[in-house]
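Presented below is the structure to which this report refers.
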Amino acid sequence: MSSVVSGKTVRAYDLATGQEQWMKHIDFTGQQLPLTAGGNSLFLGHDRDDGDAVSKALATADGSERWTSDVASTQVTAVLDEGLLIFEDSNDIIAVDAHRGEQCWQKSVHPRLSVSAIHARETIILDTITDGKIVALDATTGEQQWEADISDYFHPDEDVLNDGIGGHVIAGTDRIYFSTIGGMLIALDAATGETDWVTPETPPEIPTEGERQYSPPGFEPAALANDSLLVIESDGTNKSEQVYAIDPATGDEQLLFEPEPEEDAHIGSVAVAGDTLFLPVMDELRLVDRTSGEPLETHSLNDHAQSVTLANGYCLITTTKGLVGFQEESDR
């Protein structure tokens with residue numbers, strides 16, 4: 001079953017047929033309501049009920065309400081092995097029991113904090129965006145395990161670029177990966193927070209176009225495969241984006257996907273299954289061999305692709321007009 005937000009409704013679809021299973025009206029403030037699924041529940045981080053901010057858990061089977069909480073958060077991160085949901089409320093991190101909606105602990109850590117990733121299913125990784133701090137907390141207790149300061153890798157041209165931690169933070173087995181707005185890709189030791197490697201060696205130049213300046217080119221972590229970190233290279237200009245495989249131990253790079261010169265390719269997300277890379281590129285779904293970069297298949301979508309998700313042998317593509325599902329062939 002797949003669940004999506006549409007307008008002010010949450011809709012659930014059958015993966016095999018695409019038929020709508022249920023629809024639930026919601027009322028929320030902000031541009032987007034975050035959805036987090038785990039087990040047989042769907043968690044809504046910030047809904048409204050008679051003017052009060054609440055969080056809810058819905059049953060994925062029929063959309064019925066399991067519990068509500070007065071903890072309001074713009075983001076929900078699941079640590080389901082510990083049975084917890086992690087909420088952000090102002091400068092505090094709050095752990096809520098995923099089964100009952102009851103608060104377990106609350107921790108004030110740092111201003112402008114954002115939950116970024118979960119490592120080893122038990123460690124919460126936080127970042128402070130422009131302060132350059134990365135913090136690891138024990139999910140069970142909220143106690144701090146380590147703190148790292150990566151601001152030394154921020155772009156030196158502070159008058160032009162207000163640097164910080166940008167995009168996704170991805171937790172691997174041994175390392176935490178993230179990029180800066182200034183174009184640096186950084187790997188930290190997941191156990192200690194110490195820097196393992198940084199690429200490139202020096203900050204990239206800031207692109208200019210007339211008097212206008214853009215964000216430097218950089219690698220955005222997108223997904224982890226068995227032996228590589230998949231990243232999207234882009235910058236603040238309209239240049240087409242490329243996909244690279246990064247060696248997790250060294251930071252060495254291998255080009256996997258480069259669009260044709262006449263293409264205006266912007267890749268919103270990447271998914272990987274085995275040795276197959278799934279790329280939503282313009283109005284197509286492209287399958288690429290993860291080890292060699294060779295193209296495998298191309299499927300037309302008719303509408304502009306926005307993101308890709310893999311679930312139970314299905315590939316789901318969100319487009320500007322709806323949801324498209326592909327089923328894995330039995331002989332693949």
- prompt: Which heavy atom of I181 sits nearest a heavy atom of D163, and at what distance?
  reply: N-OD1, 3.2 Å
Common cluster, L84/L126, ILVMFWY with side-chain heavy-atom separation under 4.5 Å: yes
message: Can a donor-acceptor pair be found, under 3.5 Å and without considering hydrogens, that links the side chain of R290 to the backbone of G274?
response: yes
message: For residues Y244 and L277: do they belong to one hydrophobic cluster (side chain heavy atoms under 4.5 Å, members Ile, Leu, Val, Met, Phe, Trp, Tyr)?
response: no
field: Single-linkage hydrophobic cluster, 4.5 Å side-chain cutoff, I232 and F219 together
entry: no
task: Answer yes or no: is there a donor N or O on one side and an acceptor on the other, between the side chain of T36 and the main chain of A78, under 3.5 Å?
output: no
field: Neighbour count above 12 (heavy atom, 6.0 Å) for E20 CD
entry: yes
task: Could you tell me whether E205 atom CD has more than 12 heavy atoms of other residues or ligands within 6.0 Å of it?
output: no
Any donor-acceptor N/O pair, T199 side chain to L185 backbone, under 3.5 Å: no
task: Give a yes or no on whether the backbone of S307 and the side-chain of T318 come within a donor-acceptor separation of less than 3.5 Å.
output: yes
query: Looking at CZ of R286 and CD1 of I267, how far apart are the two atoms once the value is rounded to the nearest 0.5 Å?
result: 8.5 Å
- prompt: Among L44, L58, T9, which residue meets the side-chain contact (heavy atoms from CB on, under 4.5 Å) test with K24?
  reply: L58
- request: Compare every heavy atom of L80 with every heavy atom of G39, then report the nearest pair and how far apart it is.
  value: N-CD1, 4.2 Å
- prompt: Between atom CD1 of I118 and atom CD1 of I125, what is the distance when rounded to the nearest 0.5 Å?
  reply: 7.5 Å
- prompt: Checking E88 side chain against T77 main chain: does a donor-acceptor pair fall under 3.5 Å?
  reply: no
- prompt: If every non-hydrogen atom of W22 is compared with every non-hydrogen atom of L42, which pair is closest and at what distance?
  reply: CH2-CD2, 4.3 Å
message: Has Q327 got a side-chain atom pairing as donor or acceptor with A16's backbone, closer than 3.5 angstrom?
response: no
query: Taking atom types as modelled, is there a side-chain donor on T140 or E82 under 3.5 Å from an acceptor on the other?
result: yes
query: Same cluster for L137 and I134 if Ile/Leu/Val/Met/Phe/Trp/Tyr side chains link at under 4.5 Å?
result: no
message: Using every non-hydrogen atom in the two residues, find where G166 and E220 come nearest and quote the distance to one decimal.
response: O-OE1, 3.9 Å
- request: Find out if a path of hydrophobic residues (ILVMFWY) with successive side-chain heavy-atom gaps under 4.5 Å connects F178 to V198.
  value: yes
query: Around H168, counting heavy atoms of other residues, nucleotides and ligands shown, do more than 12 lie under 6.0 Å from its NE2?
result: no
D174 backbone acceptor or donor facing H119 side chain under 3.5 Å: no
query: Is the OH atom of Y314 crowded by more than 12 outside heavy atoms at less than 6.0 Å?
result: yes
- prompt: Taking atom OG1 of T202 and atom NE2 of H155, what is their separation to the nearest 0.5 Å?
  reply: 9.0 Å
- request: Could you please spell out the steps behind the side chain to side chain contact (heavy atoms under 4.5 Å, CB included) verdict for F43 and V96?
  value: CA-CA 11 Å; F43 306 106; V96 173; over 6 Å; no
message: Any side-chain to backbone donor/acceptor pair from R175 onto P248? Under 3.5 Å, distance only.
response: yes
message: So does D92 get a backbone contact from the side chain of S108, meaning a donor-acceptor N/O pair under 3.5 Å?
response: no
- request: Quick one: closest heavy-atom pair of V79 and A139, and the distance?
  value: CG1-CB, 3.9 Å
field: Heavy-atom pair of closest approach, residues C315 and V308
entry: SG-CG2, 3.6 Å
message: Closer than 3.5 angstrom, by distance alone: can the side chain of W67 be matched with the main-chain N or O of S55 as a donor-acceptor pair?
response: no
